[in-house]
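This report concerns only the one structure given below.
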There are 2 protein chains.
Amino acid sequence: MKTSSNKQPDKDTKTRIMDSAERAIVQSGYGAFSFRDIAEEIGIKSASVHYHYPTKGDLAVAVMTRFTDEFRALLPDPKVASIDPRAMLDGFIDGFKKKIVEQHNMSLCTMLTADKHLLPESVGVALAEFYEVKLSWLTQVFVRLNNLDEDQARLKAGQLLASLHGASVLVQATGEVDWYEKALSLWR
Amino acid sequence: MKTSSNKQPDKDTKTRIMDSAERAIVQSGYGAFSFRDIAEEIGIKSASVHYHYPTKGDLAVAVMTRFTDEFRALLPDPKVASIDPRAMLDGFIDGFKKKIVEQHNMSLCTMLTADKHLLPESVGVALAEFYEVKLSWLTQVFVRLNNLDEDQARLKAGQLLASLHGASVLVQATGEVDWYEKALSLWR
DNA sequence: TTTTATCTATCTATCAATAGGTAGATAAAA
DNA sequence: TTTTATCTACCTATTGATAGATAGATAAAA
């Protein structure tokens, strides 16, 4: 069996484009990343980026859906009894902190949410799907943790999600990283 | 006493420029509003906007500080015993909802926070000042409401502020206005 | 095996639109 | 006369996007 004969047409370039775009969106938002910047960063020309992702919206959708898939893959199954739901919650909160707050950025989803009026509708759809992934996972965790019914648990999930995103806003606006743990102490 | 003889050099145009800029920032962020759009909206040329606010940063600072001043003027003095601190808190939460959520926008401060990497430093400073106004007002309210010391009250203030901003993110991302009251039910 | 055709990934060059900002003229008001 | 507020006209830079060429790989046909 030959090595590297798998059909992986151009995975490398596509991935590098998405990596660069994700970083740019997180840092400056949808409106402020350009095909030229991305092209320069990965060492090709902007027309070649258009070859892989015809429009800016296409690229943003690709970035957002990849992010959602990776995120989903990281979450443990809430129904697996061997993991304490309390630990799952702490892991979620710590993960958010690690990915977002400590890099002095806001999350990919918060940035795209802020720019929602500028987005092609397809990106807005991908964005809403990501929030639904988070909400339904947290709901299942709260069902187990606090013996709540679905509705009550989903309410708590929304409350926690608001605390998380709001905490990141507070950190970014004030520059004081401590606000993250302070805002989240409500949940620990 | 003559009417309208007050020193108000060009308050009308300046105000109209700020109004337009504020609306544009709230709708699309710092990066996506332009002097040309503003000029067209109020019926002058972009060069005339530059006359009143030489740079984009100058205009954004003016918008943000005006917003802070108006906001501060709306808040009741937390030490006035005739107003129930519980009512003050509810008023704050309701006011946020009215100004932000019901217009399907995010707040001026959240938008600028998302764009922080793009902002001239002066805008960042004006932004941080606004958060400090909110935090210290809420701190005083919590001192009275729950008999807390300054530190404990400021912690709660941060937690509430996070819930408020996070709730607006949730509403904007999902399009479901109900998330605001759900996320805030924690505080009512 | 050679030729022909197609596909992939990149390039150069360019487009129209828009950006923030500036120079200089003008006319009215103080 | 000087100041205030506006204009016209322009500059340089950047944007998302497209057209057309090219080099190399692949695969089918002769």
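Naming: A, B, ... by sequence-line order, numbering from 1 per chain.
Contact check, B:Tyr51 against D:dA5: a side-chain N or O comes under 4.0 Å of OP1 or OP2. One finds a side-chain N or O of B:Thr13 lying less than 4.0 angstrom from the OP1 or OP2 phosphate oxygen of D:dT6.
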Could you go through residues 23-33 of chain B and list every donor-acceptor pair under 3.5 Å that involves a side-chain atom there, pairing it with any protein atom two or more places apart or in another chain?
| from | atom 1 | to | atom 2 | distance (Å) |
| --- | --- | --- | --- | --- |
| B:Arg23 | NH2 | B:Glu41 | OE1 | 2.5 |

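Protein atom OH of A:Tyr53 is 12 Å distant from nucleotide atom P of C:dT10, rounded to whole Å. In this structure, A:Leu59 atom CG and D:dT15 atom P are separated by 14 Å, rounded to whole Å. Spacing between atom CG of B:Leu118 and atom P of C:dA19 amounts to 15 Å, rounded to whole angstrom units. In this structure, NE2 of A:His50 is placed 14 Å from C1' of C:dC11, rounded to the nearest angstrom. D:dC7 atom P lies 9 Å from atom NE2 of B:His52, rounded to whole Å.
Between the side chains of B:His165 and B:Lys134, at least one donor N or O lies within less than 3.5 Å of an accepting N or O.
Of all the heavy atoms in A:Thr139 and A:Glu150, the pair that sits closest is CG2-O, 3.7 Å.
A side-chain donor-acceptor contact under 3.5 Å links B:Thr65 to the backbone of B:Val61.
Checked options B:Trp137, B:Phe130, B:Phe96; the residue passing with B:Phe71 is B:Phe130 (criterion: ring pair (Phe, Tyr, Trp, His ring centres under 6.0 Å)).
Ranking D:dA9, C:dG21, D:dA17 by closeness to the A:Thr55 side chain, first place goes to D:dA17. Nearest to the side chain of A:Ala47, among C:dT22, D:dA5, C:dA13, sits C:dA13. Nearest nucleotide to the side chain of A:Ser48, out of C:dC11, D:dT18, C:dG21: C:dC11.
If you check residues 32-45 of chain A against DNA chain D, the residues with a heavy atom closer than 4.0 Å are A:Phe33, A:Ser34, A:Phe35, A:Arg36, A:Asp37, listed by number.
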Item to check | Steps toward side chain to side chain contact (heavy atoms under 4.5 Å, CB included) verdict (B:Thr113, B:Tyr131) | outcome: CA-CA 11 Å; B:Thr113 302; B:Tyr131 279 88; 3.3 Å; yes

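Within 6.0 Å of CD in B:Glu40 there are 12 or fewer heavy atoms belonging to other residues, nucleotides or ligands. Taking a 6.0 Å sphere around CG of A:Asp149, one finds it holds more than 12 heavy atoms contributed by other residues, nucleotides or ligands.
Stem analysis of DNA chain D (at least three stacked-register Watson-Crick or G-U pairs, each with both distances under 3.5 Å) gives C:1-30 with D:1-30.
A cation-pi geometry, defined here as NZ or CZ lying under 6.0 Å from the six-membered ring centre and within 45° of its normal, does not hold between A:Lys97 and A:Phe92.
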